Structures are given as structure tokens and as C-alpha cells.
Peer 1: 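Below is the structure I would like to discuss, written out as C-alpha cells.
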2 protein chains.
Amino acid sequence: MSGNVDRRVRRTRQAIQRALVELILEKGYEPVTVTDLIARADVGRSTFYAHYPDKQAVLFSALEEMAFLRAAPRHDGPPFSFSLPMFEHVREQRRLVRALLGRRGGRVVMAYGESLLEDVVREELLARGARPGATLDLAVTCVTGAFMALVRKWVDEELRATPAELDAVFRASVAPGVLAALEVPGQS
Amino acid sequence: MSGNVDRRVRRTRQAIQRALVELILEKGYEPVTVTDLIARADVGRSTFYAHYPDKQAVLFSALEEMAFLRAAPRHDGPPFSFSLPMFEHVREQRRLVRALLGRRGGRVVMAYGESLLEDVVREELLARGARPGATLDLAVTCVTGAFMALVRKWVDEELRATPAELDAVFRASVAPGVLAALEVPGQS
DNA sequence: CTCCTCTCGAACAACCTGTTCTGTTATGAA
DNA sequence: TTCATAACAGAACAGGTTGTTCGAGAGGAG
């Protein structure tokens with residue numbers, strides 16, 4: 001009894017989520033219709049609405065798979081060391097991430113992903129001694145914006161690079177300025 | 001004869017664009033229908049399709065007003081000095097920018113705005129002596145991503161700050177790292 | 001095996017789209 | 001001012017999507 005739910009329910013939800021990812025990769029998020037989804041998932045129309053109120057709800061359920069954006073940061077190593085593991089994780093789940101965060105993805109998901117990452121960044125900066133305030137908020141936005149932009153372009157294959165290269169340029173680009181602006185020591 | 005077009009044409013197109021901006025601010029881009037648009041603009045259905053093939057075409061026509069993202073950078077002052085004038089311009093056109101680039105805006109416009117800004121950033125870095133290559137591409141993405149993230153949050157009023165504050169934190173956060181990573185001197 | 005949940009598939013009204021048509025009005029040129 | 005014409009309004013249209021409802025049937029839990 002995985003998850004304590006009927007096997008049929010698992011099968012149905014999984015089929016719908018899988019179908020959504022496939023269809024987003026083919027046509028982008030917005031053009032995907034519920035009719036497309038149930039055709040691809042081979043599921044009855046009423047069945048769909050028994051599980052999800054609309055298309056967007058499927059999106060959010062698929063989002064759980066992107067929980068790596070919530071990974072707890074380490075505060076002892078070099079700054080923003082969440083970066084390398086995340087890029088590696090993104091590479092492993094490239095299909096999913098491209099569907100959700102890539103160019104063809106929806107706007108809502110991007111905002112959600114950004115907010116997850118913001119928490120990670122803010123937490124690390126606070127742990128390193130930054131003081132809460134407007135400047136911290138701005139800096140967090142910069143760091144998050146830069147990282148997410150890299151991820152978006154990377155999964156869309158507008159950038160060709162290895163996780164290590166992405167990580168190196170990302171950290172080298174934002175860490176010095178941000179840490180100095182917040183008066184935080186570079187290494188612990 | 002402004003623009004050498006029939007006055008009725010100007011009136012119609014303007015009304016439709018204005019209606020789109022209003023409706024995006026009220027409900028977001030995606031839920032806006034052509035039927036909404038023509039009702040708000042008080043324009044006949046056939047008239048709409050005589051001017052635009054679809055909703056998205058209106059969006060792109062409104063985009064022309066955001067040409068300030070294409071402003072030519074100066075290469076003599078401090079790095080990334082396009083930032084302050086742009087933030088000021090954004091403040092003046094807050095309504096429009098929020099509709100197009102803000103949370104309720106569409107994904108396509110965001111990509112378009114990002115690509116405009118990327119050109120500006122890349123041009124400046126090349127003028128400062130950076131060498132073309134993968135590292136430059138990554139750095140440009142970081143800078144652009146950080147800037148656009150600030151703009152998005154600012155117009156959506158998730159950040160409260162003056163253009164000068166935004167400019168200061170933005171430049172302080174990204175300039176040192178990026179210039180160092182590209183082996184470019186800090187000041188000319 | 002039995003019961004109950006889940007699923008199927010059809011049918012539905014309501015909405016939106018993009019096109020076509022006819023008749024009307026405003027515009028710019030003469 | 002007059003006038004030909006380009007632009008407009010408004011209705012009607014087929015085709016597609018949405019979200020709901022219903023009864024019949026299949027599949028899993030116990």
C-alpha cells in the first residue's frame with residue numbers, strides 16, 4: 001500500500017502527470033488542453049476532474065518532484081555551495097525541469113521555483129551573518145535571479161556547459177559582490 | 001498625419017493595446033480573451049482580427065514601448081551604468097512594465113525583454129575587453145537574470161526601494177565578481 | 001467472494017475562437 | 001463641400017475547449 005491510496009488512483013495520477021510533462025515538452029504549457037491530457041494519459045474525462053480541478057493543479061503536483069530546490073544549504077564550505085549539487089540534480093531531471101522551468105514552462109512554476117530557492121539563499125546569508133533588511137532582500141533577489149536564469153537557459157540548451165562550469169561562473173559572479181555588499185566574510 | 005495611417009486605425013489599435021494592459025493588470029495575461037479585449041476596447045470583433053491575428057500580437061505591439069531595454073550602454077563610467085536610467089524608466093512606466101514583465105505577465109514577453117537586455121550587457125562587457133566564449137555567455141546570463149529579477153519583484157511591489165537603491169545593490173552585487181571572472185578591469 | 005471505490009464514456013451547456021458577410025460610418029483627397 | 005473608399009459594427013457561423021453529470025461497469029481491499 002504505497003502511500004495508502006488505491007492502486008488505480010496512483011496509476012491515474014501518474015499517467016496524467018507524465019502526460020503533462022510530455023505535452024509541455026512538445027507544445028509548451030499554455031497550449032496544452034485538458035482534452036490533450038486525458039487523450040495522452042488514456043483516462044476518462046470525468047476521471048481527470050475527479051483528481052484535479054484544472055490543468056494548473058497537475059502542474060503543482062508535478063512540482064513536488066522538484067523539491068531539490070529546497071535542499072538545506074551548508075554554511076561551512078564556500079559560499080553558495082548549494083549550486084553544484086543543484087545543477088547536477090537538474091541534469092539528472094533535465095526533462096522534467098525543462099518542462100516546468102524552461103522556456104515552454106508556465107509562469108507560475110517559475111515563480112514557485114524562485115521562491116523555494118530564495119529561502120535557501122536567504123537562510124545561508126543570514127547564517128553567515130548578514131543582517132535582515134531591504135538590502136538583504138535585494139541581494140537575495142539578485143542571487144536567485146542569476147541562478148534561475150542559468151538553469152532556464154541551460155535546460156533549454158541555449159547554454160552548453162557542465163554543472164561544474166555553471167557552478168564556477170555562478171559563484172564567481174555573484175559571491176564576491178554580494179558578500180561584500182552585505183559585509184559578510186568570504187570564507188568561514 | 002502621425003505615422004501616415006488613418007486616424008481610425010490609430011484609435012483602434014491604441015484602444016486595443018490599452019485594453020490589454022488594463023486586463024492583464026486585472027486578471028493576468030493568460031485568462032484575457034479576445035472577447036474581453038474587444039468589449040473593453042469597444043471595438044467590433046471583425047475589426048480586431050483586421051488588425052491583429054491574435055492576443056499575442058497585441059502583446060508584441062505593446063512591447064515596442066519597452067524599447068528602453070535596448071538603450072545603448074556607456075562604456076566610460078562605472079560598470080553596468082545602464083542600470084539606474086533603466087530603473088528610473090521602469091518607475092515612470094510602472095503600469096505597463098508590471099503588465100508585461102510582472103507576475104501576471106506572459107512568459108514570452110519576459111524572454112523577449114531578457115534577450116534585449118542581454119544584448120546590452122554583452123556589448124558592454126565586450127567593449128570592456130571581455131573575450132567571447134562560454135564563460136562570457138554564462139556571466140551575461142547571470143547579470144541579466146539578476147537585473148530582470150529585481151525589475152519583476154519591484155514592479156510587483158514585492159520589493160520596496162528607490163531606483164538608486166536598486167541600482168546600488170545590483171551593481172555592487174554583480175559587478176565585482178563578473179568583472180573579475182572575465183579578467184576585466186573594474187574602472188576604465 | 002463481496003462490497004465499495006474508482007473509472008469509463010457519452011452527453012451537456014457555456015464559452016471562446018477565427019472567419020465571413022452585409023450594411024454603415026468616418027476619413028482624406030479633390 | 002463632395003465623394004470614393006477604407007475602416008468599422010454587428011451578427012452569425014462551425015469548430016474546439018471546459019467543467020459537470022449520469023449510469024454502467026471494472027478493479028482493488030478486505
Side-chain angles (χ1 to χ4, degrees), chain A residues 1-62 64 99 104-109, chain B residues 1-62 64 99 104-109:
Chain A
M1 48 174 75
S2 311
N4 224 5
V5 286
D6 197 306
R7 182 187 306 156
R8 289 168 293 180
V9 173
R10 286 200 307 276
R11 181 216 159 263
T12 298
R13 296 202 176 142
Q14 203 169 341
I16 292 176
Q17 285 186 23
R18 218 191 299 268
L20 179 64
V21 171
E22 284 180 19
L23 287 168
I24 290 180
L25 291 174
E26 291 171 19
K27 347 194 289 179
Y29 172 67
E30 285 153 41
V32 174
T33 71
V34 173
T35 307
D36 289 338
L37 275 177
I38 63 181
R40 180 66 60 101
D42 197 23
V43 149
R45 183 165 200 79
S46 52
T47 305
F48 176 89
Y49 285 104
H51 288 279
Y52 302 101
D54 53 28
K55 197 173 75 166
Q56 183 166 303
V58 186
L59 205 60
F60 277 103
S61 78
E64 298 306 316
R104 335 202 55 149
R107 190 68 189 263
V108 213
V109 189
Chain B
M1 50 172 73
S2 311
N4 223 6
V5 287
D6 197 307
R7 185 187 305 153
R8 290 168 291 180
V9 174
R10 287 200 305 276
R11 182 216 158 264
T12 298
R13 296 202 178 143
Q14 205 169 343
I16 293 176
Q17 284 185 24
R18 220 192 298 268
L20 179 63
V21 171
E22 284 179 20
L23 287 167
I24 290 179
L25 291 174
E26 290 171 19
K27 347 193 289 181
Y29 171 67
E30 285 154 42
V32 175
T33 71
V34 173
T35 307
D36 289 337
L37 233 46
I38 63 180
R40 179 66 61 100
D42 196 23
V43 147
R45 186 168 197 77
S46 52
T47 304
F48 175 89
Y49 285 105
H51 289 279
Y52 301 102
D54 52 28
K55 197 174 73 164
Q56 183 166 304
V58 187
L59 204 60
F60 277 102
S61 77
E64 299 305 316
R104 334 202 58 150
R107 190 68 188 263
V108 211
V109 190

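These numbers were taken from a predicted model, which means no experiment stands behind them. Naming convention: chains lettered A, B, ... in sequence-line order (proteins, then strands); numbering from 1 in each chain.
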Peer 1: Less than 4.0 Å between a side-chain N and a carboxylate O, is that true for Lys27(A) and Glu22(A)?
Peer 2: no

Peer 1: Could you tell me whether the phosphate oxygens of dA7(D), OP1 or OP2, come under 4.0 Å of any side-chain nitrogen or oxygen in His51(B)?
Peer 2: no

Peer 1: Does OP1 or OP2 of dG27(D) have a side-chain N or O of Arg8(A) closer than 4.0 Å?
Peer 2: no

Peer 1: Flag the pair Val21(A) / Arg18(A) as yes when at least one side-chain heavy-atom distance between them is below 4.5 Å, and no otherwise.
Peer 2: no

Peer 1: Taking CZ from Arg10(A) and P from dC6(C), how many angstroms apart are they, rounded to a whole number?
Peer 2: 13 Å

Peer 1: Rounding to an integer number of Å, can you tell me how far Arg7(B) CZ sits from dT5(D) C1'?
Peer 2: 16 Å

Peer 1: For Arg11(A) and dG27(D), give me the distance from atom CZ to atom C1', rounded to whole Å.
Peer 2: 12 Å

Peer 1: With a 4.5 Å limit on heavy-atom distance, are the side chains of Val108(A) and Phe60(A) in contact?
Peer 2: yes

Peer 1: Below 3.5 Å between N/O atoms, which protein atoms pair up with nucleotides 15-19 of chain C? Just atom names and distances, please.
Peer 2:
| unit_1 | atom_1 | unit_2 | atom_2 | d |
| --- | --- | --- | --- | --- |
| dT17(C) | OP1 | Val34(B) | N | 3.0 |
| dT17(C) | OP2 | Val34(B) | N | 3.1 |
| dT17(C) | OP2 | Thr35(B) | N | 3.1 |
| dT17(C) | OP2 | Thr35(B) | OG1 | 3.1 |
| dG18(C) | OP2 | Tyr49(B) | OH | 3.0 |
| dG18(C) | N7 | Arg45(B) | NE | 3.0 |
| dG18(C) | N7 | Arg45(B) | NH2 | 3.2 |

Peer 1: Do Thr12(A) and Gln17(A) touch side chain to side chain, with heavy atoms closer than 4.5 Å?
Peer 2: no

Peer 1: CD1/Ile24(B) to CG/Leu59(B) distance, rounded to the nearest 0.5 angstrom?
Peer 2: 5.5 Å

Peer 1: Distance check needed: dG28(D) C1' versus Asp6(A) CG, whole Å only.
Peer 2: 5 Å

Peer 1: Keeping the roles fixed (side chain from Arg10(B), backbone from Val5(B)), state whether a donor-acceptor pair exists under 3.5 Å.
Peer 2: yes

Peer 1: Distance check needed: dT18(D) P versus Glu30(B) CD, whole Å only.
Peer 2: 13 Å

Peer 1: Expressed in angstrom and rounded to an integer, what is the separation of Leu37(A) atom CG from dC8(C) atom P?
Peer 2: 14 Å

Peer 1: Whole angstroms only, please: what is the CD-C1' distance between Gln56(A) and dG19(D)?
Peer 2: 16 Å

Peer 1: Taking OP1 and OP2 of dT7(C), is either one under 4.0 Å from a side-chain nitrogen or oxygen of Thr12(A)?
Peer 2: yes

Peer 1: I'd like to know if the side chain of Lys55(B) and the backbone of Leu20(B) have a donor-acceptor N/O pair within less than 3.5 Å.
Peer 2: no

Peer 1: Look at Glu30(A) together with Arg107(A) and state whether they make a salt bridge at an N to O cut-off of under 4.0 Å.
Peer 2: no

Peer 1: If you take any heavy atom closer than 4.0 Å to DNA chain C, which residues from residues 14-28 of chain A end up in contact?
Peer 2: none

Peer 1: Distance-only check: which donor-acceptor pairs under 3.5 Å involve side-chain atoms of residues 47-54 of chain B, not counting sequence neighbours?
Peer 2:
| unit_1 | atom_1 | unit_2 | atom_2 | d |
| --- | --- | --- | --- | --- |
| His51(B) | ND1 | Arg13(B) | NE | 3.0 |
| Asp54(B) | OD1 | Gln56(B) | N | 3.3 |
| Asp54(B) | OD1 | Ala57(B) | N | 3.1 |

